[in-house]
Amino acid sequence: MTQPGKIEATGGRNSLRPSDEEIAFLKDRAKFCRLETIRLIEIAKVGHYTSVFSAAELFSALYYDAMNLKRGEPKWEDRDRFMMGKGHAAVGLFPILADLDFIHRGLLDGYTRLGNPLGDHPDMTKVPGIDFSSGSIGHALSAGCGMALAGRMLGKDFYTFVMIGDGELQEGQVWEAALFGAHNGLGKLIGIIDRNGYQLDGSVDDIIGVEPIVEKWQAFGWETHVVDGHDVAAVATLLRTLKADRDRARPVMIVAETIKGKGVSYMETEPGWHLGYLDPSDAALAIAEIKAMEI
Amino acid sequence: MNKPLSDKSWQYRQLNAVTPGLDALSDALLELVAAGEPVVAGTADLQYSNGLSKFHRLHPERFVQFGISEQNMVSAAAGMAAVGMKPYVATFASFLALLCCEQIRMDVAYSKLPVRLIGHHAGISLGFYGTSHHATEDLAIMRSIANLTVIAPADGNQLMEVIKASNDYPHPIYIRTQRGRDPEVYANRQPFTIGKAISHFSGTDLTIIATGSTVHPALEATRALRRAGASVGFIDMATVKPIDRDAILEAAAQSPQILTVEEHNVLGGLGGAVAEVLSSEGLPVKLTRHGIYDEYSLIAPPTHLYVHYELDAKGIEARAVKLLEGVS
């Protein structure tokens, strides 16, 4: 939860590039996110492993570096906001919320069980730290536009981050929000497309192609950046750099190049894992691979 | 911001001469802004149809033009509410309640955000614009969404009081309005209590219950029937959800018959809501639900349609007379 401050060439808290120590920490938190995802889905017996694994470094860079947050204070008024259209990756976010003391850690143990607030999709009315509910693909960028615009109207200085999937770009409402965000010059709105290339029924290219993504957002008037979504140092550096320019007059869309299932070899090459369950022997192998990850 | 309308334009004349009642929504919101409330108004390319152009002119910093992107408007309004603003967003009832049903359910109602959704030109009030622009399903749809309150004001004065009452109301609200040409039911502004019906008359032969646009003609019909000697009661059920059970039960205790009148399908709207209350109490009351009988309306000027579908004062009176005479 460092903040971009004055720019230094040497790295560290006040630099646009995280220090080696910070990078190691962010990598560790991405691993934690993946491992906890496996643990939680073991409770539910089905879940979206690969949707989390493509986004784990993005979550880590956002929650442990870029976003302005206060540990244990999920309702802090001036916090940066985050929401995701790909709500089915919430299983990877809940452990982070617990890690930041936004929710009680014990809640994780009852993931998806009757009466527990943690389900497959995030619910803002039940889970402190969830800034907006999701589950129906395509709404989040609109809600993010509303938050960013309201923030400006209220004289607030927070940033709104919205993660959307590449398959999500097939929803028409995303493009309504694309027009709106650019038209209103929402410079404190930062979108992140988790471009992992797959959706439930197969590859995005085969289902309904959305390319060229970068050119589309440019044509809609957004500032665009492409980043390796698994290079947590690059992601954190980009987010720090973007936040350092507090006078930006248009919204940003980051296209994060990711791999669906990143960290587990047989998921990375097999598209049929959008939704799934690892039986205990598969899980042991996945855990070993994640622990050995060197990104 | 667009340049102001020229007084030579048709839209200017509509706003200022033909439908001055369209100012009610803006005027009510202006009162809230003047009181320091973090109100924001939004529309989807219909600021002259709903009269928000006045609010826009006076408070451009609190007005959001969403363009023809209704779904984005509803979700964005939810986002604005989530960070502390009080959004009032308006578009045709058909495009709000039907096109944006899922955004209303997920982002507004399920998320318990105090967004006010104003569905104007409801029912068949867009006449010859046709079925795409009619909304005879919105009460049924909005009523079945948990956490959502549904209100249909009868005229501009009541609308202004509904907006005032909405200010500190913690739940999201769907507000169903007409064209801004509503004949006056309430000569003065009277404080509005959400969830409380307004009883105008009680009757021992029949009670008529209406909501929104049908209050005025149904009230006229009631008066005519009473002048003719029948004991006819009348209830303005402006809040369709949560419905005022006590008012219905009181009417049922006094009258052997109840007639509901709505500019809406007879399925699932006001009539449906009243039927649910009566049947759950097992009361021996005959209920007749009058409205649009599960069909798509013809096209015609709205006043012609109201005559055709017996939703004008004479038509409602004729329906009531049949009930009083035991013909139907």
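Naming convention: chains lettered A, B, ... in sequence-line order (proteins, then strands); numbering from 1 in each chain.
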Proximal component of Ser136(A), with respect to chain B [non-hydrogen, under 4.5 Å]: both
Gap between atom NZ of Lys126(A) and atom NZ of Lys112(B) - 0.5 Å precision: 7.0 Å
Atom pair SG/CE of Cys145(A) and Met80(B) - distance to nearest 0.5 Å: 10.5 Å
Measuring heavy-atom distances to chain A, does [X] have an atom under 4.5 Å in its side chain, in its backbone, in both, or in neither?
X         : result
Val64(B)  : side chain
Ala77(B)  : neither
Gln103(B) : both
Glu70(B)  : backbone

Are there more than 12 heavy atoms of other residues, nucleotides or ligands under 6.0 Å from atom [atom1] of [X]?
X         : atom1 : answer
Tyr129(B) : OH    : no
Ile207(A) : CD1   : yes
Ile299(B) : CD1   : no
Lys164(B) : NZ    : no
Ile68(B)  : CD1   : no

Can you give me the closest heavy-atom contact between [X] and [Y], atom names plus distance?
X         : Y         : result
Thr125(A) : Tyr110(B) : CG2-O, 3.6 Å
Asn72(B)  : Ser142(A) : OD1-OG, 2.5 Å
Gln173(A) : Gln71(B)  : NE2-O, 3.2 Å
Phe132(A) : Gly79(B)  : CE1-N, 4.0 Å
Pro38(B)  : Leu154(A) : CB-CD2, 4.4 Å

Options [options], ranked by heavy-atom pairs under 4.5 Å with chain B, top entry:
options                                   : value
Leu149(A), Asp131(A), Asp123(A)           : Asp123(A)
Glu176(A), Met124(A), Met147(A), Met83(A) : Glu176(A)
Glu77(A), Met153(A), His183(A)            : Met153(A)

Side chain to side chain, Lys156(A) and Val83(B), heavy atoms closer than 4.5 Å: no
His139(A) vs Glu102(B) side-chain heavy atoms within contact, under 4.5 Å: yes
Intermediate values then yes/no, side chain to side chain contact (heavy atoms under 4.5 Å, CB included), Phe180(A) and Ser69(B): CA-CA 9 Å; Phe180(A) 184 84; Ser69(B) 299; over 6 Å; no
